[in-house]
Amino acid sequence: MSNNLQTNSGSPSVTVTPYLCCKGAAQAIDFYKQAFGAVEGMRLTEPDGRVSHAEIQVGGAPIYLADEFPEIDVLSPETIGGSAVLIVLQVPDVDALFNQAVAAGATVERPLSNGFDGAMRTGKVIDPFGHHWLVLTMLEDVTAGELESRYATA
């Protein structure tokens, strides 16, 4: 499969940025600051007080977010009954970040544990706005082949 996406300079460039819809985006920004150490880059607020667009970074990774806008079908996990998306956040110290997120108000969905393969330590939380986060730290650098082998024998 070829990559036909090009920048103006002709070199390939692709990015993927999660865009979260939250009931209470301003409160979500505050939560992400406390829970994940997010840094706010910008915020656009409508006259009615709703955040129409905000940008934060967690460890340098961008995340966009906004309030609900039902009139244009922008709906939060709370409104639609959950989220099918799992946001993966890889950090140097998963234990510290997991505990920080829980202290900030995240709900533990899966406690911290070492994975079947021994290569990573993970835990899963749900933030107060209905978004699911898998937080992890790599414990060992393994190849895809080694991971497949460990999976087959687990």
Side-chain angles (χ1 to χ4, degrees), residues 1 3 5 13-140 142 144 147-148 150-154:
M1 178 177 6
N3 177 354
L5 298 175
S13 177
V14 176
T15 63
V16 176
T17 302
Y19 206 126
L20 308 181
C21 178
C22 302
K23 262 189 185 174
Q27 294 82 9
I29 292 167
D30 290 339
F31 170 80
Y32 296 135
K33 287 177 181 178
Q34 283 186 305
F36 303 131
V39 175
E40 185 174 348
M42 69 165 297
R43 184 186 310 200
L44 303 175
T45 305
E46 295 291 312
D48 66 6
R50 292 184 291 176
V51 174
S52 61
H53 177 76
E55 297 179 7
I56 61 174
Q57 288 193 2
V58 176
I63 299 173
Y64 298 165
L65 63 149
D67 270 304
E68 286 194 312
F69 285 82
E71 63 273 22
I72 58 170
D73 292 325
V74 176
L75 305 171
S76 74
E78 292 176 88
T79 297
I80 63 173
S83 174
V85 175
L86 179 62
I87 303 163
V88 179
L89 181 56
Q90 184 175 331
V91 297
D93 184 350
V94 71
D95 289 81
L97 186 78
F98 185 89
N99 293 328
Q100 182 175 315
V102 171
T107 302
V108 175
E109 186 169 32
R110 188 172 62 224
L112 287 166
S113 65
N114 290 352
F116 73 91
D117 58 7
M120 68 181 77
R121 181 167 174 74
T122 66
K124 187 175 176 188
V125 297
I126 303 173
D127 71 32
F129 308 92
H131 296 285
H132 297 238
W133 297 80
L134 178 71
V135 293
L136 68 91
T137 293
M138 295 305 298
L139 302 174
E140 179 184 357
V142 296
L147 184 60
E148 290 170 3
R150 291 179 189 186
Y151 184 78
T153 60

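To the nearest 0.5 Å, atom OG1 of residue Thr17 and atom CD of residue Gln57 are 9.5 Å apart. Atoms CD and CG, from Glu68 and Asp73 in turn, are 11.0 Å apart once rounded to the nearest 0.5 Å. With rounding to the nearest 0.5 Å, the separation of NE2 in His132 from CD1 in Ile87 is 9.5 Å. Between the CE atom in Met138 and the CD atom in Gln90 there is a gap of 6.0 Å [rounded to 0.5 Å]. Expressed to the nearest 0.5 Å, how far CG of Leu134 lies from CG of Leu136 amounts to 5.5 Å. Once rounded to the nearest 0.5 Å, the distance linking CD1 of Ile63 with CD of Glu55 reads 11.5 Å.
Residues Glu140 and Asp117 form no side-chain contact, since every pair of their non-hydrogen atoms from C-beta on lies 4.5 Å or further apart. A heavy-atom distance below 4.5 Å is not found between the side chains of Val91 and Phe36. In this structure, Phe31 and Asp127 have side chains that are in contact, with non-hydrogen atoms separated by less than 4.5 Å. Residues Leu20 and Phe129 fail the side-chain proximity criterion, which asks for heavy atoms closer than 4.5 Å. Residues Arg121 and Asp95 are in side-chain contact: their nearest non-hydrogen atoms beyond the backbone lie under 4.5 Å apart. Residues Lys124 and Thr122 have side chains not in contact (no heavy-atom distance under 4.5 Å, counting atoms from C-beta outward). Within the 4.5 Å cutoff, side-chain heavy atoms of Leu75 are placed close to those of Pro70. Under the 4.5 Å side-chain criterion, counting only non-hydrogen atoms from C-beta, Tyr151 is not in contact with Leu147.
Residue Gly130 comes nearest to Pro77 through the heavy atom pair O-CB, 3.6 Å, listed as atom of the first residue, atom of the second, then distance. Ala66 and Ala25 get closest at one heavy-atom pair: C-CB, 3.6 Å. Considering all non-hydrogen atoms of both residues, Leu139 and Gly118 come closest at CB-O, 3.8 Å. Taking every heavy atom of both residues into account, Val125 and Ala106 meet most closely at CB-CB, 3.9 Å. Closest approach of Leu97 and Ala35 over heavy atoms only: CD1-O, 3.4 Å. Of all heavy-atom pairs between Val58 and Ala38, the closest is CG2-CB, 3.9 Å.
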Legend entry - Steps toward side chain to side chain contact (heavy atoms under 4.5 Å, CB included) verdict (His131, Cys22): CA-CA 9 Å; His131 296 285; Cys22 302; 3.8 Å; yes
Inset, instruction - Please assess Leu65 against Ile56 for the test side chain to side chain contact (heavy atoms under 4.5 Å, CB included), listing each intermediate value before the final yes or no. - result: CA-CA 8 Å; Leu65 63 149; Ile56 61 174; 4.0 Å; yes
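In this structure, the side chain of Gln100 engages the main chain of Gln34 through a donor-acceptor pair within 3.5 Å. Judged by distance alone, with hydrogens and angles left aside, the side-chain atoms of Glu109 form no donor-acceptor pair with the main-chain N or O of Ile126 at under 3.5 Å. Counting only distance, with no hydrogens or angles, the side chain of Asp67 and the backbone of Lys23 share no donor-acceptor pair below 3.5 Å.
Crowding of Phe69 atom CZ: a count of heavy atoms from other residues, nucleotides or ligands under 6.0 Å exceeding 12.
Between Tyr19 and His53, the ring planes are tilted. Angles from 30° to 60° get that label.
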